[in-house]
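All values below come from the heavy atoms of this structure, side chains included, with hydrogens, waters and symmetry mates left out.
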There are 2 protein chains.
Amino acid sequence: MMEKEKRQQKILNLIGAKRVGTQQELTESLLRAGVFATQSSVSRDLEELGVVKQRGRYVLPQAARNGNGASAHGLLNLEAAGDALVIAKCEPGLASAVAVAIDRADVPEIVGTLAGEDTVFIAVREKKAQRSAIKKIWELLS
Amino acid sequence: MMEKEKRQQKILNLIGAKRVGTQQELTESLLRAGVFATQSSVSRDLEELGVVKQRGRYVLPQAARNGNGASAHGLLNLEAAGDALVIAKCEPGLASAVAVAIDRADVPEIVGTLAGEDTVFIAVREKKAQRSAIKKIWELLS
DNA sequence: CTTTCTATGCAGCAAATTTGCATAACCTCA
DNA sequence: TGAGGTTATGCAAATTTGCTGCATAGAAAG
């Protein structure tokens, strides 16, 4: 019902307001704020909201895009889409450079890349490959 | 069900093909075409399709009348592809503009966009997001 | 006013979504 | 490599949403 939306809003608030390290913590904070939810639901919410865990804490999606996340290569953010895509957001004009860097790295789970102005579509073989691909790319370009 | 979509398509065809003066007529024509529906449903369909009654007959909505649903922004059509992609067809050369507009809107379920000449690939997080993303984009750009 | 036509509240049904539980998968650190 | 902590997910139950027909209110035409 409206419950989900409210919960997700609170999650964003909480993450923005204080350091949150685990979904357990988040679940407890939510409860204190009057919203009951299981870790399962929190996990799904985070996925849906695009919240990612960086350096041991959960970070807001837009914060990840701007702020500190920028790498020397112009890579701002990495996110999974569906089963076989990873989307890289880059600083304007640098998408091609990022794509080239990724191609050069020859990551085995990556099938191909396609760059626009500030976005790269990265095709991976399957769902399983997404996470490790994201990890490797992030490592590579940061 | 798929039934509704089929029925609405037939309604548009019928209205385009011959003069239709009442919902009763439409209901009967539909039945002859193998689609049963009550006047209630027909009424709701017409509302939803944007069909209006003018000078005693139902006429196609503006978009359908001139054969292209072009919006002010050059967006022609939106369609889902697979679980995590939405494809936007645009007027030639306007794909980038459409993509930028979509990016600016910051629709949360959209992960990234990639524009060609007349097509934009729009990556969404998951299947569930497609529907709402399409709705929001269409709303935004029409 | 009467007749004809269209819109809508309501209830039932079907489909889709959301959720918790249990547990598998994964990660970190020693 | 294994233990312990953390996160993801298959499944079934619960909940919500969407679509429809029926009955009827409301509007338009004459």
For B/Ala95 against B/Gly116, the heavy-atom pair lying closest together: CB-O, 3.2 Å
Between NZ of A/Lys127 and P of D/dT9 the distance, given in whole Å, is 6 Å
Would you mind classifying the nucleic acid contact of B/Gly56 as base, sugar-phosphate or nothing, using non-hydrogen atoms under 4.0 angstrom? nothing
By nearest atom, which of the nucleotides C/dT6, C/dG20, D/dT7 is closest to the A/Ser40 side chain? C/dG20
Which part of the nucleic acid, if any, lies within contact of A/Glu47, taking any heavy atom under 4.0 Å across all strands shown: a base, the sugar-phosphate backbone alone, or nothing? nothing
The helix from C/dC1-D/dG30 to C/dA30-D/dT1: angle between terminal helix axes, five bp per end, to the nearest 10 degrees, reads 50°
Below 4.0 angstrom from OP1 or OP2 of D/dG21, is there any side-chain N or O of B/Ser41? yes
Rounded to whole Å, how long is the line connecting atom NZ of A/Lys6 with atom C1' of D/dT16? 16 Å
Between A/Leu26 (CG) and D/dA8 (C1'), how many Å, whole number? 15 Å
Between the NZ atom in B/Lys10 and the CG atom in B/Leu30, the distance rounded to the nearest 0.5 Å is 8.5 Å
Name every donor-acceptor pair, under 3.5 Å, that has one atom in a side chain of residues 75-90 of chain B and the other anywhere in the protein, sequence neighbours excluded.
unit_1: B/Lys89; atom_1: NZ; unit_2: B/Thr119; atom_2: OG1; d: 3.3

Protein-nucleotide distance (B/Glu48, atom CD; D/dC19, atom P), rounded to Å: 7 Å
Spacing of B/Gln24 atom CD relative to C/dT3 atom P, expressed in whole Å: 17 Å
So which one's nearest nucleotide on DNA chain C is more toward 5', B/Tyr58 or A/Arg7? B/Tyr58
With a 3.5 Å cut-off and sequence neighbours excluded, list the donor-acceptor pairs that the side chains of residues 105-114 of chain A form with protein atoms.
unit_1: A/Glu109; atom_1: OE1; unit_2: A/Lys136; atom_2: NZ; d: 3.2
unit_1: A/Glu109; atom_1: OE2; unit_2: A/Ser132; atom_2: OG; d: 2.8
unit_1: A/Glu109; atom_1: OE2; unit_2: A/Lys136; atom_2: NZ; d: 3.4
unit_1: A/Thr113; atom_1: OG1; unit_2: A/Asp103; atom_2: OD1; d: 3.1
unit_1: A/Thr113; atom_1: OG1; unit_2: A/Asp103; atom_2: OD2; d: 3.2

Pairwise side-chain contact, A/Asp45 with A/Leu26, heavy-atom cut-off 4.5 Å (strictly under): no
Check whether the side chains of B/Glu5 and B/Gln9 place a donor and an acceptor atom closer than 3.5 Å, and report yes or no. no
Residue B/Gln23, side-chain atoms from C-beta onward, closest of C/dG20, C/dA7, D/dA8: C/dA7
For atom CD of B/Glu3 and atom C1' of D/dC19, their distance in whole Å: 11 Å
Picking from D/dT20, C/dT17, C/dC21, which would you name as closest to the side chain of A/Arg44? C/dC21
Does any non-hydrogen side-chain atom of B/Val98 lie less than 4.5 Å from one of B/Glu91? no
Between C1' of C/dT17 and CZ of B/Arg131, the distance in whole Å: 11 Å
Given D/dC11, D/dT20, C/dC27, identify the nucleotide with an atom nearest to the side chain of A/Lys135. C/dC27
Grab the two heavy atoms, one from A/Leu140 and one from A/His73, that are nearest each other, plus how far apart they are. O-NE2, 4.5 Å
Within the 4.0 Å heavy-atom criterion, would you say B/Ser43 contacts the bases, only the backbone, or no part of the nucleic acid? base
When rounded to whole Å, the CG to C1' distance for the pair B/Leu46 and D/dC19 reads 16 Å
Does B/Lys53 or A/Phe36 map to a spot on DNA chain C nearer the 5' end, using the closest nucleotide for each? B/Lys53
